[in-house]
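Sequence positions, counted from 1, serve as the residue numbers for this chain. The analysis underlying the following values was restricted to heavy atoms, covering all of them including side chains, and did not include hydrogens, waters or symmetry mates.
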Amino acid sequence: MTTPRVLITGGTGLLALNWACTVRDTWDVVLGTHQHSVQLRKTSAVKLDLDDPVQFGHQIDALAPDLVVHTVGLTDVDRCEKEPDLARHSNAEIARNVAQAAAEKRIRMIHISTDHLYAGDHSYYQEHDAVQPINEYGRTKALAETWVQSAYPEALIVRTNFYCWGHSKRQSFSDWLINNFREGRSLTLFDDVYFTPILADGLVLASHELVDKGASGVINVAGSDRLSKYEFALLLAEEFGLSADLIRRAQLAQSKLSAPRPKDMSLDCRRAEKILGRRLGAVSESLKILRRQELEGRRQELLEAKFS
């Protein structure tokens, strides 16, 4: 039987590389890159032209993927605020191009969105809640959703907030916590900013299963627990045997961040859980998996991944 092929755009990013690690034993993984290439075990890499949907369509013809996963995005919230044109191009225009090409070729598509789409004035946002982004990052990601749905109504659009192991070019939120704790540096975390984080592997497996079940449109795929950034840090420190004494509390209003942030980004994932027939998982359970991944070599492999 032929192994199915998945093409992952943003191939040098955190999510793309962890996505590859999660499915490479059952999928032929092609990492689609732009400025840099990457070497990762049991995957291949190819440079893509995502600025031109016609040219990208030719590349899809040559690669013949069974699924396209679009992870490209400018996620630096403050940079998006300072460079709105770049944010619009990176987050929305490229997403539209990918959706147009995938739709024309009738290839299944997963578009990765965000939980950064709301004003943050209540908890557990549902898919049908009106988006109300308060910064340029959120506005461009909301625009991307609109354009992807218009170009390819059958695409799956996943709203999420994930954590994972990073690589030598970029660390994740959980990397940042672990690295600082292990070096004995104190960290200040917001105790009034809430989210529903999910381990990247859980996001990947749930997204693939949703596509296999024919799901489309916007679906929240996040963790089962709503907690503050401060509470997440406490749980991580406990799981990794690190000192919680290094963690300091702070409030968002005290920060000097240039772009406004919502205080509550928690997502209601009951729709996804109903389709999947299972819970998406508690943070405490996922952190155990993250720890096991380090012991099994995932962290070191990603740190040693070669970029060119």
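- Atom CZ of F181 is separated from atom CG of L242 by 7.0 Å, given to the nearest 0.5 angstrom.
- A search for salt bridge (Lys or Arg N to Asp or Glu O under 4.0 Å) contacts involving E83 returns R79, not counting sequence neighbours.
- Salt bridge absent: D115 and R159 never bring a charged side-chain N and a carboxylate O closer than 4.0 Å.
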Result block: side-chain N/O donor-acceptor pairs under 3.5 angstrom for residues 202-212, not counting sequence neighbours:
from	atom 1	to	atom 2	distance (Å)
S207	OG	L203	O	2.8
H208	NE2	W19	NE1	2.9
E209	OE1	R278	NH2	3.1
D212	OD1	R108	NH1	3.2

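- Distance CG/L267 to CD/E127: 8.0 Å, rounded to 0.5 Å.
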Discussion item. Go through it in stages, so that I can follow the logic: the residues are N91 and L143, the test is side-chain contact (heavy atoms from CB on, under 4.5 Å), and I'd like the CA-CA distance, side-chain angles, deciding distance and then a yes or no.
Written reply: CA-CA 8 Å; N91 292 333; L143 180 60; over 6 Å; no
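- Take D85 and apply the salt bridge (Lys or Arg N to Asp or Glu O under 4.0 Å) test, not counting sequence neighbours, and it matches no residue.
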Worksheet item: Would V38 and L17 count as a side-chain contact (heavy atoms from CB on, under 4.5 Å) if you check the C-alpha gap in whole Å, the side-chain angles of each, and the deciding distance to 0.1 Å?
Response: CA-CA 9 Å; V38 61; L17 291 177; 4.2 Å; yes
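- A heavy-atom distance below 4.5 Å is found between the side chains of E273 and S224.
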Worksheet item: How far apart are the C-alpha atoms of V218 and L156, what are their side-chain angles, what is the distance that settles it, and do they pass the side-chain contact (heavy atoms from CB on, under 4.5 Å) test?
Response: CA-CA 6 Å; V218 174; L156 175 63; over 6 Å; no
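- Under the salt bridge (Lys or Arg N to Asp or Glu O under 4.0 Å) criterion, E238 pairs with no residue at all, not counting sequence neighbours.
- In the model, Q126 has no side-chain atom that pairs as donor or acceptor with a side-chain atom of N220 under 3.5 Å.
- Qualifying side-chain contact (heavy atoms from CB on, under 4.5 Å) partners for D49, counting only residues two or more places apart in sequence or in other chains: D51, D52, Q55, Q59.
- Applying the side-chain contact (heavy atoms from CB on, under 4.5 Å) rule to Q300 yields the partners L303, E304; only residues at least two apart in sequence or on another chain are considered.
- One finds no salt bridge joining E93 and R96 here, because no Lys/Arg side-chain nitrogen approaches an Asp/Glu carboxylate oxygen to under 4.0 Å.
- Interatomic distance, CG of L227 versus OG of S266, reported as 10.0 Å (0.5 Å rounding).
- The CE atom of M109 lies 12.0 Å from the CD atom of E154; values are rounded to the nearest 0.5 Å.
- Partners of K169 by salt bridge (Lys or Arg N to Asp or Glu O under 4.0 Å), not counting sequence neighbours: none found.
- The cluster map of Ile, Leu, Val, Met, Phe, Trp and Tyr, joined by side-chain heavy atoms under 4.5 Å apart, puts L40 and L48 in different clusters.
- Residues passing the ring pair (Phe, Tyr, Trp, His ring centres under 6.0 Å) test with F190, sequence neighbours excluded: none.
- Considering all non-hydrogen atoms of both residues, A45 and S37 come closest at CB-OG, 3.7 Å.
- Scanning both residues, C164 and S174, for their nearest heavy atoms gives O-OG, 3.0 Å.
- More than 12 heavy atoms of other residues, nucleotides or ligands lie within 6.0 Å of CZ in R182, so this atom counts as buried by the packing criterion.
- R291 and E239 are not joined by a salt bridge, as no carboxylate oxygen comes within less than 4.0 angstrom of a charged side-chain nitrogen.
- Using a cut-off of 4.0 Å between Lys/Arg side-chain N and Asp/Glu carboxylate O, R41 and E301 are scored as salt-bridged.
- Considering only heavy atoms from C-beta on, V283 comes within 4.5 Å of P197 through its side chain.
- Judged by distance alone, the side chain of H167 and the main-chain N or O of T12 form a donor-acceptor pair under 3.5 Å.
- Ring pair H116/Y137: centre-to-centre distance below 6.0 Å.
- When side chains are defined from C-beta on, D268 does not count as touching S123, because their heavy atoms never get closer than 4.5 Å.
- For residues 224-237, the salt bridge (charged side-chain N to carboxylate O under 4.0 Å, His left out) pairs, not counting sequence neighbours, are R226-D264.
- Contact check on R139 versus E136 returns a salt bridge, with a Lys/Arg side-chain nitrogen under 4.0 Å from an Asp/Glu carboxylate oxygen.
- In this structure, CG in D192 is found 5.5 Å from CG in L252, a value given to the nearest 0.5 Å.
- Taking all atoms of both residues into account, the shortest heavy-atom contact from S258 to K82 is OG-CE, 4.0 Å.
- Two residues are said to be in side-chain contact when any heavy atoms from C-beta on lie closer than 4.5 Å; I94 and H89 meet this criterion.
- Side-chain atoms of N135 and P260, non-hydrogen and from C-beta on, do get closer than 4.5 Å to each other.
- Cluster annotation: V98 and V158 are assigned to distinct hydrophobic clusters (Ile/Leu/Val/Met/Phe/Trp/Tyr, side-chain heavy-atom contacts under 4.5 Å, transitive).
- Residues D25 and K42 are in side-chain contact: their nearest non-hydrogen atoms beyond the backbone lie under 4.5 Å apart.
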Pairs under 3.5 angstrom only: tabulate donor-acceptor contacts from the side chains of residues 61-72 to other protein residues two or more places apart or in another chain.
from	atom 1	to	atom 2	distance (Å)
D61	OD1	K105	NZ	3.3
D61	OD2	K105	NZ	3.0
D66	OD2	R5	N	2.8
H70	ND1	T9	OG1	2.8
T71	OG1	T9	O	2.5

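- At least one side-chain heavy atom of T160 sits under 4.5 Å from a side-chain heavy atom of I112.
- For the residue pair T3 and D28, no side-chain donor N or O sits within less than 3.5 Å of a side-chain acceptor on the partner.
- Of the charged side-chain nitrogens involved, at least one lies within less than 4.0 Å of a carboxylate oxygen, so that R298 and D201 count as a salt-bridged pair.
- The existence of a salt bridge linking R248 and D191 is excluded, since no basic side-chain nitrogen approaches an acidic carboxylate oxygen closer than 4.0 Å.
- Smallest separation of non-hydrogen atoms from I178 and W165: CD1-CH2, 3.6 Å.
- R261 places a side-chain N or O within 3.5 Å of a backbone atom of A259 that can act as its donor or acceptor partner.
- Tracing side-chain contacts under 4.5 Å through hydrophobic residues (I, L, V, M, F, W, Y), one never reaches V54 starting from I60; they form parts of separate clusters.
- Atom CG of L14 and atom CZ of F173 lie 13.5 Å apart (nearest 0.5 Å).
- Using a 3.5 Å distance cut-off with no hydrogens or angles, the side chains of E296 and Q293 do not pair a donor with an acceptor.
- T43 places no side-chain N or O within donor-acceptor distance of the main-chain N or O of Q39, the cut-off being under 3.5 Å.
- Linking ILVMFWY residues whenever their side-chain heavy atoms come closer than 4.5 Å, directly or via other members, places I8 and L199 in the same cluster.
- At least one side-chain heavy atom of L187 sits less than 4.5 Å from a side-chain heavy atom of L189.
- In terms of the ring pair (Phe, Tyr, Trp, His ring centres under 6.0 Å) criterion, residue partners of Y125 (sequence neighbours excluded) are, by chain and number, Y118, H122.
- Hydrophobic clustering (side-chain heavy atoms under 4.5 Å, transitive across Ile, Leu, Val, Met, Phe, Trp, Tyr) groups L15 together with I219.
- For residues 273-303, there are no ring pair (Phe, Tyr, Trp, His ring centres under 6.0 Å) pairs, not counting sequence neighbours.
- Closest of all the heavy-atom pairs between S113 and E145 is OG-OE2, 2.6 Å.
- Taking both residues in full, the closest heavy atoms of P133 and G138 are given as CB-C, 3.4 Å, listed atom of the first, atom of the second, then distance.
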